[in-house]
J.: 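Here it is: the structure, laid out below.
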Amino acid sequence: MAELRGRHLFVRYQGNPILTADDLPCPANTVFNPGAARVDGETVLLLRVEDLRGISSLHVARSNDGLTEWRMEEEPLLAPDHGHPEEIWGCEDPRLVFLPEREAWAITYTAYSNRGPLVSLAMTRDFRHVERLGPVMPPDDKDAALFPRRFGGRWVMIHRPAPLTGLAHMWIAYSPDLRHWGDHAVLLEAREGAWWDAGKIGLGPPPLATPAGWLMMYHGAHSTASGPIYRVGLALLDLDHPEVVLRRSDEWVMAPAEQYEEIGDVDKVIFPNGWVLDEAADELVLYYGAGDSVVGAATARFSEVLDYVKKAPPYQHRRTGDHG
Ligand code: BMA
């Protein structure tokens with residue numbers, strides 16, 4: 001019966017949406033798909049703000065309790081820059097991971113180039129200044145996050161290239177220096193047919209280290225006659241070998257249900273990029289874009305999420321190249 005509990009794990013915050021375009025210091029169309037971090041006793045969201053041209057930039061908001069009284073920075077942390085033609089159409093969908101070795105936060109984000117979306121990497125120590133490392137994956141590629149530490153001396157990144165034909169799976173790559181990436185392999189496959197995660201999947205928030213393995217949330221974009229439905233499920237990766245998927249939930253754990261998730265610039269979208277864990281309180285707070293228009297939050301008991309994913313079905317790996 002473990003699968004039946006999945007859709008009750010995350011409870012939406014009653015004050016949702018926690019941020020809308022009206023909360024911003026500048027005129028904007030939408031605010032959504034934030035990365036999240038806990039920094040010096042505050043929750044930091046790196047928000048995707050889409051302006052009235054359709055171009056997105058990344059803005060910092062801070063809150064003590066992570067739910068209310070957000071304070072916005074006036075200027076964006078990352079906005080399309082003339083020196084970076086790969087960002088000409090915007091900076092989107094950041095994921096934030098603290099790298100203790102670098103004493104800095106890694107920001108992986110979608111840079112929207114005129115040759116399609118690609119993955120770019122930037123570093124910050126304080127969410128006030130940022131250093132771009134530039135593109136790390138060519139187009140089309142999205143939904144990337146680093147792991148916070150090296151494995152066998154190498155950094156590891158999850159990302160989602162869009163193939164010219166076939167299904168859009170999640171991939172894994174390795175780097176000695178955060179710049180040169182190789183040993184590419186499929187990590188988690190999109191399912192086929194009627195499944196909620198058929199056709200196209202992608203990483204949600206960065207994987208979270210737990211004693212049982214890396215907790216991973218991912219979205220599935222199930223296509224329907226009225227467009228895709230974006231829902232999220234869970235998987236568990238081996239702690240020392242993150243390319244090994246141990247478990248994968250059959251059912252989604254969150255699906256669009258509230259009006260602000262079902263109706264927006266893009267209907268029926270739940271798109272989480274960030275979460276904040278308070279281990280002492282056993283609380284996991286998930287931040288997500290809803291309907292590509294506003295920001296929602298949902299909380300879960302961390303121990304229940306772990307129990308659930310540990311009981312999810314074992315994952316059957318296939319070799320790269322075996323799949324469509
Ligand atoms: C994905 C990304 C997200 C967006 C989602 C739903 O491909 O572009 O930014 O939230 O589609 O529209």
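Start at 1 and go down the list; that is how both ligands and their atoms are numbered. Note that these values count all heavy atoms, side chains included, but never hydrogens, waters or copies made by symmetry.
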J.: Quick check: does E92 get an N/O under 3.5 Å from an N/O on ligand 1?
T.: no
J.: For atom 12 (O) of ligand 1, what is the closest protein heavy atom, and at what distance to 0.1 Å?
T.: D292 OD2, 2.7 Å
J.: Between M217 and V309, is there a side-chain heavy-atom distance shorter than 4.5 Å?
T.: no
J.: Heavy atom under 4.0 Å from ligand 1: found in N33's side chain, backbone, both, or neither?
T.: side chain
J.: Would you say H219 contacts ligand 1, with heavy atoms under 4.0 Å as the rule?
T.: no
J.: Side-chain donor-acceptor pair under 3.5 Å between N29 and D265, yes or no?
T.: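 Yes, because at least one side-chain N or O of N29 sits under 3.5 Å from a partner of the opposite role on D265.
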J.: Could you check atom 1 (C) of ligand 1 against the protein and tell me its nearest heavy-atom contact, residue, atom and distance included?
T.: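 So the nearest neighbour among protein heavy atoms is Y230 OH, 3.6 Å.
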J.: In ligand 1, which numbered atoms sit nearer than 4.0 Å to a non-hydrogen atom of D93?
T.: 2 (C), 3 (C), 9 (O)
J.: Just which atoms of ligand 1 are under 4.0 Å from any heavy atom in R48?
T.: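 Per the distance check, 9 (O).
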J.: Consider only side-chain N and O atoms of N273 and Y288, and report whether a donor and an acceptor are under 3.5 Å apart.
T.: no
J.: Strictly by salt bridge (charged side-chain N to carboxylate O under 4.0 Å, His left out), give each pair with a member in residues 87-99 just once, sequence neighbours left out.
T.: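 Salt bridge (charged side-chain N to carboxylate O under 4.0 Å, His left out) check on residues 87-99 returns R48-E92, R48-D93, E87-R132, R95-D143.
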J.: Of all residues at least two apart in sequence or in a different chain, which pass the ring-ring contact (aromatic ring centres under 6.0 Å, His included) check with Y112?
T.: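 Once residues adjacent in sequence are excluded, the partners of Y112 under the ring-ring contact (aromatic ring centres under 6.0 Å, His included) criterion are W89.
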J.: Who's the nearest protein heavy-atom neighbour of atom 2 (C) of ligand 1, and how far?
T.: K142 NZ, 3.5 Å
J.: Just by distance, no angles: are the side chains of S57 and H59 close enough, under 3.5 Å, to form a donor-acceptor pair?
T.: yes
